[in-house]
Peer 1: 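To start, I am sharing the structure in question, which I have written as C-alpha cells.
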Amino acid sequence: GYIARGAMAFLKAEWKVLAIYAFFMAIVVGIIGYYNPYSHWAVAISFVIGGFCSALAGFIGMKAATSTNVKTTNAAIHSISKAFKIAFRGGSVMGCGVGGIVVLMLSILFLLYWYVFAREALPMSEEMTRVLEVLTGFSLGAESVALFARVGGGIYTKGADVGADLVGKVEAGIPEDEPRNPAVIADNVGDNVGDVAGMGADLFGSFVATIIACMVLGREVFSKDYAGGMAPILLPLIITGAGTVVSILIMQFARISDNNPRPERAFSVVTWLSILITAVISAFIMKAIFISDELSFRNEVFSVNGMIGA
C-alpha cells in the first residue's frame, strides 16, 4: 500500500510540472504549424493529446504493476505457476494498453484530420501531406512526456536507491532492502516509477513514432487498392491493430509447470506464436486490400509479394 501510494504521489508531482511544460510547448508548436505552409495550427492539439496518452500509458502500467506485485508475492507462497500467471497478465496490461491506445487514438486523429483537410484529395496530394504533418504532433507530444518520465523516473530511482543503501548499510548496519528501513519504500517506489511508468511512456512514444514514420513513407507509395489509394498509409494501423488483438489472445495460453518452472520458455513460445500468426494475418490483409500486385515508390516498382516477404 505504501509503495503504491508513493508511486502515485510521484506521478502527480511529475504531471504538474509536465502540464506546465506541455502548455507552453503546445503554443510554440501551434505557432510553428500556423506559419508552415504544409502544416496547420491543429498540430498543437495533436501534441497535447499525444502527451496525455503517453502519461496515461504510464499510469495504467503503474496501477497494474503496484497491484500485481503484492498478488504475485502472495501467490508465490503457494504456487510458482499461479505467481507466473498473475505477473504475466499484470505485465500484459502495459503492453496491450499501450498498443490499444496507440491504434485507437492514431486512427481517430487520422480520420478526423483526413475529413477536415483531405477528404476529396488524392493520397499523394499536399492536403494529405498536411494531414500527416499535423499527425506528427501526436508523436512529438508522446516523446516529450516519455523523455521526462524516463529521465525523471530514472534519476529518482538512483537517488532513492543510493539514499536507502547509505542509511541502511552504512549508518544503521542493516542489510539491503531490510523492511525495518523506511527508505526501502522510496527505493521500491523508484523502481516502479522508472521501470514501469517511465518504460510505459517510452514504449508508447517509440510505438507512435514508428507507426507514423511508416504512414509517412506509405504516402509516397502509389497503389491500386480498395481504399482509394490510401492502403499504404492505412496498413501500419491495420497491421498494428491485428497484432494487438493476436497478442491479447495468445497471452491467455502462457503457462509454466510447478514441477519444471521455465518462464523463459513460456515467454519465447508466446512471443514467436504472436509473431507468426500476425505475419500470416498481415499477408492475408495485404493480399485482400490491394487490387494490383504492382506498387511503386518514387519510380521504383515492387510487388505485394515482395512486401509480404520483407
Side-chain angles (χ1 to χ4, degrees), residues 33 36-40 42-43 46 49-50 53 98-140 142-143 204-249 274-310:
N36 185 347
Y38 298 105
S39 187
H40 191 268
V43 67
S46 299
I49 296 175
C53 290
V98 167
I101 294 173
V102 168
V103 174
L104 177 64
M105 294 309 302
L106 277 180
S107 299
I108 291 174
L109 288 175
F110 177 78
L111 290 175
L112 176 63
Y113 294 143
W114 170 81
Y115 182 80
V116 173
F117 299 117
R119 65 180 179 272
E120 297 180 356
L122 296 174
M124 301 182 72
S125 63
E126 290 187 2
E127 288 80 2
M128 185 58 70
T129 301
R130 180 172 291 106
V131 170
L132 295 175
E133 282 281 345
V134 174
L135 198 62
T136 55
F138 186 85
S139 176
L140 180 60
E143 291 287 6
F204 183 91
S206 301
F207 203 13
V208 170
T210 303
I211 294 176
I212 293 180
C214 293
M215 295 175 71
V216 171
L217 288 176
R219 177 197 169 275
E220 301 293 327
V221 177
F222 176 79
S223 67
K224 294 180 181 180
D225 53 66
Y226 293 104
M230 290 176 56
I233 300 175
L234 298 176
L235 266 180
L237 291 174
I238 297 173
I239 293 176
T240 303
T244 302
V245 174
V246 169
S247 298
I248 293 173
L249 296 177
S274 300
I275 292 173
L276 292 175
I277 294 175
T278 302
V280 172
I281 292 176
S282 300
F284 278 107
I285 291 173
M286 284 186 273
K287 278 291 188 180
I289 199 171
F290 290 106
I291 299 174
S292 173
D293 187 58
E294 289 190 353
L295 300 90
S296 63
F297 177 78
R298 297 181 179 178
N299 299 324
E300 294 290 334
V301 179
F302 59 97
S303 66
V304 174
N305 290 331
M307 187 167 60
I308 293 173

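Hydrogens, waters and symmetry mates play no part in the numbers below; they use all other heavy atoms, side chains included. These numbers were taken from a predicted model, which means no experiment stands behind them.
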Peer 1: Search all heavy atoms of Gly228 against all heavy atoms of Pro123 and return the closest pair with its distance.
Peer 2: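 So the two residues come closest at O-CG, 3.5 Å.
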Peer 1: Can you tell me if Ser223 uses its side chain to pair, donor with acceptor, with the backbone of Asp225 under 3.5 Å?
Peer 2: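 No; judged by distance alone, with no hydrogens or angles, the pair does not exist.
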Peer 1: In this structure, are over 12 heavy atoms from other groups packed under 6.0 Å from Phe284 atom CZ?
Peer 2: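 Count not over threshold, so no.
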Peer 1: Quick one: do Lys224 and Phe290 satisfy side-chain contact (heavy atoms from CB on, under 4.5 Å)? Show the steps, please.
Peer 2: CA-CA 6 Å; Lys224 294 180 181 180; Phe290 290 106; over 6 Å; no
Peer 1: What heavy-atom pair brings Ile212 and Ser139 nearest, and what distance separates the two atoms?
Peer 2: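 So the minimum-distance heavy-atom pair works out to CD1-CB, 3.7 Å.
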Peer 1: Output the distance between atom OG (Ser206) and atom CD1 (Ile211), rounded to the nearest 0.5 Å.
Peer 2: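 Atom-to-atom, Ser206:OG and Ile211:CD1 are 11.0 Å apart.
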Peer 1: Which atom pairs, one a donor and one an acceptor, fall under 3.5 Å between side chains of residues 100-116 and the rest of the protein, sequence neighbours left out?
Peer 2:
unit_1: Ser107; atom_1: OG; unit_2: Val103; atom_2: O; d: 2.6
unit_1: Tyr113; atom_1: OH; unit_2: Ser46; atom_2: OG; d: 2.6
unit_1: Trp114; atom_1: NE1; unit_2: Ala118; atom_2: O; d: 3.3

Peer 1: Between CG of Leu295 and CE of Met286, what distance do you get to the nearest 0.5 Å?
Peer 2: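 The distance works out to 10.5 Å.
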Peer 1: Please report the shortest heavy-atom distance between Gly33 and Val43, naming the atom on each side.
Peer 2: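 Minimum heavy-atom contact is CA-CG1, 4.1 Å.
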Peer 1: With a cut-off of 6.0 Å (strictly less than), are more than 12 heavy atoms of other residues, nucleotides or ligands near CD of Glu220?
Peer 2: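 Above 12, so yes.
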Peer 1: Are Val221 and Leu217 close enough that some pair of their side-chain heavy atoms sits under 4.5 Å apart?
Peer 2: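 They are not in side-chain contact.
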Peer 1: Using every non-hydrogen atom in the two residues, find where Phe204 and Val98 come nearest and quote the distance to one decimal.
Peer 2: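 So the two residues come closest at CA-CG1, 3.8 Å.
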Peer 1: Show the numbers, then the answer: is there a side-chain contact (heavy atoms from CB on, under 4.5 Å) between Phe302 and Ser296?
Peer 2: CA-CA 6 Å; Phe302 59 97; Ser296 63; 5.9 Å; no
Peer 1: What distance do Thr136 atom OG1 and Glu143 atom CD have between them, rounded to the nearest 0.5 Å?
Peer 2: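 It is 12.0 Å, given to the nearest 0.5 Å.
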Peer 1: Report yes or no: do Arg130 and Ser39 form a side-chain donor-acceptor pair below 3.5 Å?
Peer 2: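 On atom types as modelled, these side chains do not qualify, holding no pair under 3.5 Å.
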Peer 1: Out of the candidates Thr240, Val246, Thr244, only one should pair with Thr278 under the side chain to side chain contact (heavy atoms under 4.5 Å, CB included) rule; please name it.
Peer 2: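 Of the listed options, the one satisfying the test is Val246.
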Peer 1: Go through the steps to decide whether Met215 and Leu235 satisfy the test side-chain contact (heavy atoms from CB on, under 4.5 Å), and finish with yes or no.
Peer 2: CA-CA 8 Å; Met215 295 175 71; Leu235 266 180; over 6 Å; no
Peer 1: Could you walk me through whether Ile289 and Ile238 pass the side-chain contact (heavy atoms from CB on, under 4.5 Å) check?
Peer 2: CA-CA 11 Å; Ile289 199 171; Ile238 297 173; 4.2 Å; yes
Peer 1: Over all heavy atoms of both residues, which pair between Met128 and Ile233 is shortest? Give the atoms and the distance, please.
Peer 2: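 Closest heavy-atom pair between Met128 and Ile233: CG-CD1, 3.9 Å.
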Peer 1: Taking only residues two or more places apart in sequence, or in another chain, which ones meet Ser125 in a side chain to side chain donor-acceptor pair (under 3.5 Å)?
Peer 2: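 Applying side chain to side chain donor-acceptor pair (under 3.5 Å) to Ser125 gives Glu127.
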Peer 1: Take atom OH in Tyr38; do more than 12 heavy atoms of anything else shown fall under 6.0 Å from it?
Peer 2: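 Not buried by this count: 12 neighbours or fewer within 6.0 Å.
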Peer 1: Roughly how far apart are Ile277 CD1 and Ser282 OG, rounded to 0.5 Å?
Peer 2: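 It comes to 11.5 Å.
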Peer 1: Return the CG to CG distance between Leu140 and Leu135, rounded to the nearest 0.5 Å.
Peer 2: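 So the CG of Leu140 and the CG of Leu135 are separated by 12.0 Å.
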Peer 1: Might you point out which heavy atoms bring Gly205 and Ala142 nearest each other, and give the distance in Å?
Peer 2: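 Minimum heavy-atom contact is CA-CB, 4.0 Å.
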